[in-house]
K.L.:
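Next up is a structure, given as C-alpha cells.
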Amino acid sequence: VGDLASVVPSHEADVAVLEEPEHLNWYHHGERWTRRFHHVVGIVHTNYLEYARREQQGTLKAAMLRYVNAWVCRTQCHKVVKLSGAVQDLP
C-alpha cells in the first residue's frame, strides 16, 4: 500500500484521525504521523490483548503486545481516545 500520509499535501496536513492506531502502526513504514501532521488523534476500540491471551502462550503474547501497542501509539499519536474501558490504557 505504501505511505498513506505521503499523499496528503503539506499545506493540508493539519489533523489526522487514526482508527485503531495500535493496529494500524504495527507495520507502518512511512514517516511518523506526528511529524507529518500538526495533531494526530488515535481512536482505540478493540481489545487486542484479550485476543492474544486466547492463543497458545497467550500471557507472553499479551505482555509483548501491550508493550508494542503502547510504543506505536506513543510515537504515532498526540492523543489517544478509548471508546471502551475494556481496551488497554495507552499514552
Side-chain angles (χ1 to χ4, degrees):
V1 173
D3 181 14
L4 296 175
S6 68
V7 300
V8 178
S10 295
H11 67 279
E12 293 182 12
D14 188 30
V15 177
V17 178
L18 306 179
E19 182 181 2
E20 298 199 341
E22 74 284 24
H23 185 191
L24 177 66
N25 290 300
W26 287 340
Y27 301 107
H28 179 69
H29 299 289
E31 182 178 16
R32 280 190 185 173
W33 294 94
T34 53
R35 289 190 182 145
R36 181 76 175 144
F37 292 86
H38 296 289
H39 194 73
V40 181
V41 178
I43 307 296
V44 178
H45 55 81
T46 302
N47 188 348
Y48 290 108
L49 300 182
E50 184 57 34
Y51 289 133
R53 283 186 199 101
R54 295 177 185 186
E55 294 190 14
Q56 187 175 14
Q57 297 183 357
T59 302
L60 176 62
K61 289 179 181 178
M64 291 173 40
L65 188 58
R66 177 181 297 278
Y67 173 78
V68 170
N69 286 350
W71 177 64
V72 296
C73 286
R74 184 172 36 256
T75 61
Q76 298 286 357
C77 297
H78 293 109
K79 178 69 178 168
V80 174
V81 176
K82 292 175 24 172
L83 295 186
S84 168
V87 299
Q88 80 178 81
D89 290 324
L90 292 164

K.L.:
Name all residues meeting the side-chain contact (heavy atoms from CB on, under 4.5 Å) criterion together with Q57; count only those two or more places apart in sequence or in a different chain, and write none if there are none.
P.N.:
L60
K.L.:
Does the side chain to side chain contact (heavy atoms under 4.5 Å, CB included) test come out yes or no for V41 and H39, once each step is laid out?
P.N.:
CA-CA 7 Å; V41 178; H39 194 73; 3.5 Å; yes
K.L.:
Name all residues meeting the ring pair (Phe, Tyr, Trp, His ring centres under 6.0 Å) criterion together with F37; count only those two or more places apart in sequence or in a different chain, and write none if there are none.
P.N.:
W33
K.L.:
If I compare all heavy atoms of P21 with all of I43, which pair ends up nearest, and what's the gap?
P.N.:
CD-O, 3.4 Å
K.L.:
Looking at side-chain heavy atoms only, is the closest gap between V72 and H23 below 4.5 Å?
P.N.:
no
K.L.:
Roughly how far apart are N25 CG and H29 NE2, rounded to 0.5 Å?
P.N.:
10.5 Å
K.L.:
Can Y67 be reached from Y51 by stepping across I, L, V, M, F, W or Y side chains whose heavy atoms are under 4.5 Å apart?
P.N.:
yes
K.L.:
Considering all heavy atoms of both residues, which atom of H45 and which atom of E19 are nearest to each other, and what is their separation?
P.N.:
NE2-OE2, 3.0 Å
K.L.:
Is it the case that atom CH2 in W26 sees more than 12 heavy atoms from other parts of the structure closer than 6.0 Å?
P.N.:
yes
K.L.:
Just to verify, what does R53 make a salt bridge (charged side-chain N to carboxylate O under 4.0 Å, His left out) with, not counting sequence neighbours?
P.N.:
E50
K.L.:
In this structure, would L4 and L24 fall into the same cluster of hydrophobic residues linked by side-chain contacts under 4.5 Å?
P.N.:
yes
K.L.:
Output the distance between atom CH2 (W71) and atom CD (Q76), rounded to the nearest 0.5 Å.
P.N.:
8.0 Å
K.L.:
Using every non-hydrogen atom in the two residues, find where C73 and L90 come nearest and quote the distance to one decimal.
P.N.:
SG-CD1, 3.8 Å
K.L.:
Say whether M64 and V68 are linked into one hydrophobic cluster, either directly or through other cluster members, by side-chain heavy-atom distances under 4.5 angstrom.
P.N.:
no
K.L.:
Would a distance-only check, ignoring hydrogens and angles, find a side-chain to backbone donor-acceptor pair under 3.5 Å from K79 to G42?
P.N.:
no
K.L.:
Any side-chain donor-acceptor pair under 3.5 Å between Q88 and N47?
P.N.:
no
K.L.:
Nearest 0.5 angstrom please: Y48 OH to E22 CD, how far?
P.N.:
5.5 Å
K.L.:
Hydrophobic clustering (ILVMFWY, side-chain heavy atoms < 4.5 Å, transitive) - are L83 and V44 grouped together?
P.N.:
no
K.L.:
Do V80 and V15 sit in the same hydrophobic cluster, where Ile, Leu, Val, Met, Phe, Trp and Tyr count as joined when their side-chain heavy atoms come under 4.5 Å apart?
P.N.:
no
K.L.:
If we ignore angles and hydrogens, is there a donor and acceptor under 3.5 Å between the side chains of T46 and E20?
P.N.:
yes
K.L.:
Over all heavy atoms of both residues, which pair between T75 and T34 is shortest? Give the atoms and the distance, please.
P.N.:
O-OG1, 3.2 Å
K.L.:
Measure from the side-chain N and O atoms of H78 to the backbone N and O of V40, and report whether any donor-acceptor pair falls under 3.5 Å.
P.N.:
yes
